[in-house]
Amino acid sequence: MAKEITSRSEDYSQWYLDIVKKAGLADNSAVRGCMVIKPYGFAIWEKIRDQLDLMFKQTGHVNAYFPLLIPKSFLSKEAEHVDGFAKECAVVTHHRLMNDPNGTGVIVDPDAKLEEELIIRPTSETIIWNTYKDWIQSYRDLPLLINQWANVMRWEMRTRPFLRTSEFLWQEGHTAHSTKKEAIAESRLIHDLYAEFAEEFMAMPVIKGSKSANERFAGAVDTYTIEAMMQDGKALQAGTSHFLGQNFAKAFEVKFLNEGNKEEFVWATSWGVSTRLVGALIMTHSDDDGLVLPPKLAPIQVVIIPIPKPNGVLMEEANLIKKELEAKGISVKIDSDKKNRPGFKFAEYEMLGFPVRIGLGARDLERNEVEVARRDTKEKVNVSRNEIASYVENLLAEIQVNLFEKAKQFRADNTSSASDMEEFERILNEKGGFIEAHWDGTTETELKIKEQTKATIRCIPLDAKEEEGKCVFSGKKSMRKVIFAKAY
RNA sequence: CGGGAUGUAGCUCAGCUCGGUAGAGUGCACGUCUGGGGGGCGUGAAGUCGCAGGUUCAAAUCCUGUCAUCCCGACCA
């Protein structure tokens, strides 16, 4: 069975699709633009979800659930918000089907038209703020720190598994505060939390920055983003946290009485990451042999493959090793399936991205050692049997660090700076990656650069140093460089 | 919604020009020899040829219509 995948150099896009398919992460579905997340893909999402959920709770947030359907009229209450999402909403217009009187099959019952049409949430700000209005009366009700894990739907033209699907899973946090300062602090806190998660757990380096007006969330005052670089040099927005000001509070009349018994509008934030992170994980670390997963997010960290012989001693030994590893909190699978040969299994678990593989055969038993292979570098070493648990424990930590350092180096190697448009376009065409350049701060310039080069401003880095320069496009004065790139 | 292509076994595809009993590889099932990097041999199950009409003694093949999917553009986490 030749389960080969297209190489990255040949066709990066096809390589990605091959990984998703052959590592068993997702399938296409009967519905255009939607995907079926298969058990292994979902297991990765569960690792992501569980860790983030823990981090949200550690910072004082609680979970709740709001409905899938939103009255159409809610969307239009915030002017920019409706502009941003109206074009991609699925709309529920009827509530009943009937048998087609003219033939077989069912049709929509024309008598079952809804009085007010409902939309399937593309995001939940509107229904949530409509609800918060009833929950908030006093400054004593604040802050309100709520998150929900949910699915949302945006009717996309072109989709790719995990990176962009019409329906996707995500978390969306929606918080209400009594002061502007506190709301900004909340949006920054989550921004930091996302960056920490990306780097510590996904081993994916990110640039923290704010979005330009043009790239900002519809209805936000400020959008903070974490931007990552994929292996083809394109940028991926991996998570966003928005300071919403009082926009939604005003649209939905969410007011509270402050300590001085005066009525004020509340200050708001919202923030989210989605199943897109699974796509980010794939495109950050994986190689031409398949998926590569950081140990902290691998559904199972170690696979033990017994090299079969007609006795049960190998299985006994494999189980002993498994117990020793599990005692250190390491997740382990023994593949004793007789259907496939060892060589097949080696390739298979590389495809699945298991960080560590242990080969155990008669030869090893005699020598009192095992063969340990790491997925990230493909190195194999023989390890003494009685040191196996601590060796693997250290190795997993080392792999986690190595993946992060490698990705960081890649980003550094593919980040350039440009001082005029000729240089800008040359870098973009020949090398790609991130381009640091001065920008005059106007939407007009941003759009012209986008039109001319297809590169957009990914973010204005928070740690950008103040340095006077000239806008790469207009030549006007600029005080800091921003990050340009082609983006997913 | 514009431009291009494709629908035949679970998957990848051949067959169509020139009409005549539905094919291959892979996967699947069973048996067997194997087993330290994607095994060998044998046997077997599996397809309303996207759908609907038409031409014909006869249609996967020719004609008309229709549906769906994929790729390229406009939109986007």
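For clarity, every value in this text was computed on a predicted model and none was experimentally measured. Just so it is clear: chains get the letters A, B, ... in the order the sequence lines come, proteins before strands, and each one is counted from 1.
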### Query
Mind checking the P distance from B:G37 to B:U43? Whole angstroms is fine.
29 Å
### Query
Taking CG from A:Leu163 and P from B:C75, how many angstroms apart are they, rounded to a whole number?
19 Å
### Task
Please name all residues satisfying side-chain hydrogen bond (donor to acceptor under 3.5 Å, both in side chains) with A:Thr93, sequence neighbours left out, ordered by chain then number.
none
## Note on the structure
Testing B:G35, B:A74, B:C75 for proximity to the side chain of A:Ile307, the answer is B:G35
#### Entry: Whole-Å P distance, B:A58 and B:G42
42 Å
### Message
Taking only the C1' atom of each, what is the distance from B:U12 to B:G7 in whole angstrom?
### Response
14 Å
### Task
Assign A:Glu156 to base, sugar-phosphate, or nothing according to its heavy-atom contacts below 4.0 angstrom with the strands shown.
base
### Query
Does one side chain, of A:Asp222 or A:Ser210, offer a donor that lies under 3.5 Å from an acceptor on the other?
no
### Query
When all nucleic acid strands are considered with a 4.0 Å heavy-atom cut-off, which category describes A:Thr165: base, sugar-phosphate, or nothing?
base
### Query
If we take the P atom in both B:A29 and B:A46, what is their distance in whole Å?
16 Å
### Query
Mapping A:Glu167 and A:Lys21 to their closest nucleotides on RNA chain B, which lands nearer the 5' end?
A:Lys21
### Task
Mind calculating the distance between CZ (A:Arg160) and C1' (B:C75) to the nearest angstrom?
16 Å
### Query
How are the rings of A:Phe354 and A:Tyr40 set to each other: parallel, tilted or perpendicular (split at 30° and 60°)?
parallel
### Query
Hey, does A:Ile305 reach any base, or is it just sugar-phosphate, or nothing, if we go heavy atoms under 4.0 Å?
nothing
### Message
How about CH2 on A:Trp149, more than 12 heavy atoms from neighbouring residues, nucleotides or ligands closer than 6.0 Å, or not?
### Response
yes
### Query
Checking only heavy atoms, does the side chain of A:Asp364 share a donor-acceptor pair with the base of B:G36 at less than 3.5 Å?
yes
### Message
Need one value for A:Lys339: base, sugar-phosphate or nothing, where a base atom within 4.0 Å counts as base even if backbone is also close, heavy atoms only.
### Response
sugar-phosphate
### Message
Counting only Watson-Crick pairs (N1-N3 plus N6-O4 or O6-N4) and G-U wobbles (N1-O2, O6-N3), all under 3.5 Å, who is the partner of B:G35?
### Response
none
### Summary
Scanning all shown strands, the Watson-Crick or wobble mate of B:G2 with both distances under 3.5 Å is B:C72
### Task
Specify the separation, in whole Å, of atom OH of A:Tyr488 and atom P of B:C75.
18 Å
### Task
Find the distance A:Asp18:CG to B:C11:C1' and express it as a whole number of Å.
13 Å
### Message
Measure CZ/A:Phe346 against P/B:G38 and give the value in whole Å, please.
### Response
10 Å
### Query
When the distance from CD of A:Glu366 to C1' of B:G36 is rounded to whole Å, what number comes out?
13 Å
### Message
Which nucleotide, if any, forms a Watson-Crick or G-U wobble pair with B:A22, using both distances under 3.5 Å?
### Response
none
### Task
Determine the interatomic distance between P on B:C11 and the same-named atom on B:C28; round to the nearest Å.
15 Å
### Task
Sort out the partner of B:C28 for me: Watson-Crick or G-U wobble, both distances under 3.5 Å, none otherwise.
B:G44
### Task
Using the P atom as the reference point in each nucleotide, state the distance between B:G4 and B:U17 in Å, no decimals.
25 Å
### Task
In whole angstrom, give the distance that lies between atom CD of A:Glu348 and atom P of B:G27.
12 Å
### A:Lys408 bridged to A:Glu199 by N-O distance under 4.0 Å
no
#### Entry: Residue that, paired with A:Trp271, satisfies ring pair (Phe, Tyr, Trp, His ring centres under 6.0 Å) out of A:His174, A:His191, A:His61, A:His242
A:His61
### Message
Under 4.0 Å, heavy atoms only, any strand: does A:Phe168 hit a base, just the sugar-phosphate, or nothing?
### Response
base
### Query
Does B:A58 pair with anything, Watson-Crick or G-U wobble, both distances under 3.5 Å, and if so, with which nucleotide?
none
### Message
I need the single residue from A:Lys234, A:Lys211, A:Arg411, A:Lys208 that forms a salt bridge (Lys or Arg N to Asp or Glu O under 4.0 Å) with A:Glu227. Which is it?
### Response
A:Lys211
### Message
Nearest heavy atom decides the nucleotide; on that basis, is A:Leu17 or A:Thr240 closer to the 5' end of RNA chain B?
### Response
A:Leu17
### Query
Is any side-chain N or O of A:Lys378 under 3.5 Å from a base N or O of B:G37, one able to act as donor and the other as acceptor?
no
#### Entry: Watson-Crick or G-U wobble mate for B:U66, both contacts under 3.5 Å
B:G50
### Message
With heavy-atom distances below 4.5 Å as the criterion, would you say the side chains of A:Lys338 and A:Pro308 are in contact?
### Response
no
### Task
Examine the base of B:G40 for any acceptor or donor lying under 3.5 Å from a partner atom in the side chain of A:Arg341, and report the outcome as yes or no.
no
## Note on the structure
Testing B:G37, B:A74, B:G36 for proximity to the side chain of A:Glu371, the answer is B:G36
### Query
Between B:U48 and B:G44, how far is it from one C1' atom to the other, in whole Å?
23 Å
### Message
By the 4.0 Å heavy-atom rule, please label A:Lys345 as base, sugar-phosphate, or nothing.
### Response
nothing
### Message
Tell me the interatomic distance from A:Ile304, atom CD1, to B:G36, atom P, rounded to whole angstroms.
### Response
19 Å
### Inter-nucleotide C1' distance (B:G25, B:A9), Å rounded
12 Å
